[in-house]
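Quick notes on the structure that follows.
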Number of protein chains: 2
Amino acid sequence: MANIREVAKMAGVSVATVSRVLNHPEAVSDKTRKKVLDTIEEMKYTPNGIARSLALNKTSTIALLIPNILNPIYSRLAMGIEEVAHQKGYNTFLCNTEEDKEKEREYIEILLEKRVDGFILISSLLDKGDIDNFRKENIPFVIIGSDLKDLDANIVYTDYLKGAYMATQHLIEIGYKRIAHISGPFKKRDSIQKIEGFKKAMIENNLSIFEGYVIEGNNEIEGGYLGAKRLIKMKYLPEALFVANDLMAIGAMDAIKDTGLSIPKNIAVVGFDDIRMASLVEPKLTTISQPVYKMGLIGARLLIENIEDSKEDDFKQKIFLQPKLKVRKSCGHSHRIREIFN
Amino acid sequence: MANIREVAKMAGVSVATVSRVLNHPEAVSDKTRKKVLDTIEEMKYTPNGIARSLALNKTSTIALLIPNILNPIYSRLAMGIEEVAHQKGYNTFLCNTEEDKEKEREYIEILLEKRVDGFILISSLLDKGDIDNFRKENIPFVIIGSDLKDLDANIVYTDYLKGAYMATQHLIEIGYKRIAHISGPFKKRDSIQKIEGFKKAMIENNLSIFEGYVIEGNNEIEGGYLGAKRLIKMKYLPEALFVANDLMAIGAMDAIKDTGLSIPKNIAVVGFDDIRMASLVEPKLTTISQPVYKMGLIGARLLIENIEDSKEDDFKQKIFLQPKLKVRKSCGHSHRIREIFN
DNA sequence: GTGAAAGCGCTAACAA
DNA sequence: TTGTTAGCGCTTTCAC
């Protein structure tokens with residue numbers, strides 16, 4: 001593979017000139033430029049980006065740390081981020097952290113060595129200590145989907161507490177009282193916030209949460225399935241389920257149907273995320289929608305801005321997006337309303 | 001950020017020794033090693049991987065070119081690949097090509113500049129010409145999911161033709177005659193092969209394919225929806241649909257239900273891929289299953305083998321995996337069988 | 001407008 | 001076992 005020296009020699013110019021043709025073409029005479037461009041073409045010269053990165057101290061690479069690329073919400077986020085990055089001239093490292101704090105730390109170590117220009121942490125498990133740790137490296141980063149209070153960093157997130165509150169409140173308004181919650185892993189901050197939102201709504205309405213009615217799941221379909229199975233076996237069958245994400249909600253629905261129960265007649269279900277599948281299962285899933293794709297775009301733009309004008313750094317942004325309730329069939333809304341008014 | 005020279009100075013050794021401690025620790029005396037390790041720790045030294053890559057001519061980075069990360073089949077593939085890569089010490093660039101040949105070419109250009117150690121092309125649109133083009137660069141690569149005949153390359157793929165044939169044959173055996181096909185984009189090789197498999201089964205059974213019964217979709221849910229809507233409006237309503245992937249099949253099911261028709265009673269549906277959702281929609285989707293995750297693992301291992309012992313290169317492997325039929329409810333199998341035997 | 005040369009931070013060959 | 005030093009391939013400053 002030819003290098004810049006060989007190109008220079010062949011074109012009868014200096015390496016500096018070849019470099020200029022590539023990076024500041026306006027600083028080269030038309031004639032020379034043409035000659036160089038021709039030899040580049042002829043020799044099929046591909047500039048070595050690694051050498052370039054070393055000289056410039058810039059890799060044009062960002063990294064994306066994501067808990068589980070299989071969850072549509074995360075893959076959508078990844079899509080938005082990669083799209084912006086590509087468009088702005090960056091490549092994106094995909095790092096699947098599997099909801100594992102240790103793996104997340106390990107990845108960051110590696111990425112620091114690879115000198116990525118910045119990274120995006122999605123629904124990260126890291127704590128303030130970790131983050132202060134690599135903040136010293138002075139590398140730009142953006143946090144998406146985990147609300148780290150009192151952290152001076154760029155953060156894009158949804159109000160999970162409020163979303164959970166809205167979901168629960170909606171179930172209560174329809175008339176359900178015995179409501180259970182299938183949560184994501186308790187170690188995750190968004191799980192905690194959803195639990196809080198759930199409890200807040202219950203308490204405000206003077207409803208009690210039954211023993212064992214907050215169940216930990218793994219954020220995947222199977223977790224929802226298992227959680228629902230456990231709830232169904234309990235002494236008191238819940239009337240309604242608020243599930244922390246749609247994937248688990250769909251799993252829970254599967255479990256309910258498997259048991260021969262019907263949704264929402266026997267058990268109503270509300271999810272969170274509004275993934276595409278939510279409106280394709282039967283009954284269609286009522287859920288809390290958050291603007292995931294947009295969060296990806298915003299996060300990526302924020303990161304790249306931070307990378308490119310690190311002069312006026314230190315103005316961190318917290319972008320806070322509001323969730324929305326999407327009423328569909330699985331919560332039995334129309335069913336109950338009818339019951340009430342007839 | 002400290003560099004190796006500063007560490008060496010601080011530790012009172014040469015840069016070579018520091019480098020050795022990092023790369024060949026056994027070649028350094030215990031005492032020196034400890035001293036160096038300590039100063040590294042103390043100075044919070046993070047070796048510069050870019051400089052390392054330049055010196056070694058190896059980046060420990062691979063790239064993954066994928067048509068659409070939103071399709072669960074591709075994200076599962078991505079997961080398998082990233083997992084193997086990470087485990088073997090490689091990072092993975094995510095490149096979403098959006099089923100766009102030009103974008104694919106552009107990405108490859110960039111990746112060549114970034115000197116990735118190899119790449120994996122998933123369901124690529126590139127033709128032999130393109131591939132011969134970068135084959136000259138002598139960079140290892142693996143093709144997954146597109147059967148490029150007569151191409152001397154590492155390829156992992158499923159027998160799409162056979163899968164499609166099996167799906168169609170199954171519908172025919174149950175008793176359907178007026179069968180339509182919703183295809184992926186015609187520009188894709190797997191689409192072509194599925195169409196061929198579909199036609200083969202029809203012809204072998206002396207069944208004719210009605211005018212307009214092979215419809216082009218976009219491989220996404222919406223494509224299936226639109227395709228089914230078009231078919232439903234036709235003069236003759238198809239009795240059964242073979243849909244080129246599960247995402248579109250689910251979209252098609254949605255369209256059928258929207259129209260007030262029932263599955264499989266009015267129209268039976270068979271998909272392809274066996275994504276997790278296939279068994280969660282109502283009725284559960286009969287489909288052709290392919291070992292996607294496994295393909296990812298195999299592909300990644302193959303690539304990394306190729307990168308690491310480029311000595312004994314030139315023995316390209318073609319790994320050919322067999323699809324399986326998964327009979328569920330959407331094709332009306334049991335329904336028809338009952339009909340026949342009662 | 002162009003060229004010479006220093007430097008980016010590392011590895012490994014060679015010498016001691 | 002350790003140090004010296006020549007690259008790796010590029011960009012950019014400085015001089016002309």
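All of these numbers come straight from a predicted model, not from anything done at the bench. Sequence lines set the chain letters: A, B, ... in the order given, protein chains first and strands last, and positions in each chain run from 1.
Using modelled atom types, no side-chain atom of A:Gln317 and backbone atom of A:Leu302 make a donor-acceptor pair closer than 3.5 Å. A donor-acceptor pair is defined here as one N or O able to donate and one able to accept, closer than 3.5 Å; such a pair exists between the side chain of B:Arg189 and the backbone of B:Ser124. When atom types are taken as modelled, the side chain of A:Ser60 and the backbone of A:Tyr90 share no donor-acceptor pair closer than 3.5 angstrom. Remark: side-chain polar atoms of A:Glu98 are not paired, donor with acceptor, to backbone N or O of A:Lys103 under 3.5 angstrom.
A:Phe141 places none of its side-chain heavy atoms less than 4.5 Å from the side chain of A:Ile108. Residues B:Phe93 and B:Tyr107 have side chains not in contact (no heavy-atom distance under 4.5 Å, counting atoms from C-beta outward). Residues B:Lys114 and B:Thr61 are not in side-chain contact: their nearest non-hydrogen atoms beyond the backbone lie 4.5 Å or more apart. At a threshold of 4.5 Å between non-hydrogen side-chain atoms, the residues B:Leu125 and B:Thr97 do not count as touching. A 4.5 Å side-chain heavy-atom check between B:Met1 and B:Asn48 finds every atom pair outside the cut-off. Considering only heavy atoms from C-beta on, B:Ile131 comes within 4.5 Å of B:Leu151 through its side chain.
Listed by residue number, the members of residues 15-40 of chain A with any heavy atom below 4.0 angstrom from DNA chain D are A:Ala16, A:Ser19, A:Arg20, A:Asn23, A:His24. Remark: A:Leu54, A:Ala55 in residues 45-57 of chain A come within less than 4.0 Å of DNA chain C through at least one heavy atom.
Here chain A contacts DNA chain C (any atom closer than 4.0 Å to a heavy atom, that is under 4.0 Å), and the contacts span C:dG1 to C:dG9 from 5' to 3'. Protein chain B contacts DNA chain D over a range whose 5' and 3' limits, counting nucleotides with an atom under 4.0 angstrom from a non-hydrogen atom, are D:dT1 to D:dG9.
The pair A:Arg135-A:Asp132 counts as a salt bridge, with a side-chain nitrogen and a carboxylate oxygen less than 4.0 angstrom apart. Under the 4.0 Å criterion applied to side-chain N and carboxylate O atoms, A:Asp38 and A:Lys34 are assigned as salt-bridge partners.
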Using residues 4-14 of chain B as the side-chain source, report each donor-acceptor pair under 3.5 Å to any protein atom, sequence neighbours left out, with the distance given to one decimal.
{"residue": "B:Ser14", "atom": "OG", "partner": "B:Ala16", "partner atom": "N", "Å": "3.4"}
{"residue": "B:Ser14", "atom": "OG", "partner": "B:Thr17", "partner atom": "N", "Å": "3.3"}
{"residue": "B:Ser14", "atom": "OG", "partner": "B:Thr17", "partner atom": "OG1", "Å": "3.3"}

**Item:** Trace of the side-chain hydrogen bond (donor to acceptor under 3.5 Å, both in side chains) decision for B:Arg105 with B:Asn133
**Value:** CA-CA 11 Å; B:Arg105 287 192 182 123; B:Asn133 226 350; over 6 Å; no

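For the residue pair B:Asp117 and B:Thr59, a side-chain donor N or O sits within less than 3.5 Å of a side-chain acceptor on the partner.
If one axis is set at each end of the helix from C:dG1-D:dC16 to C:dA16-D:dT1 from five pairs, those axes are 40° apart, to 10°.
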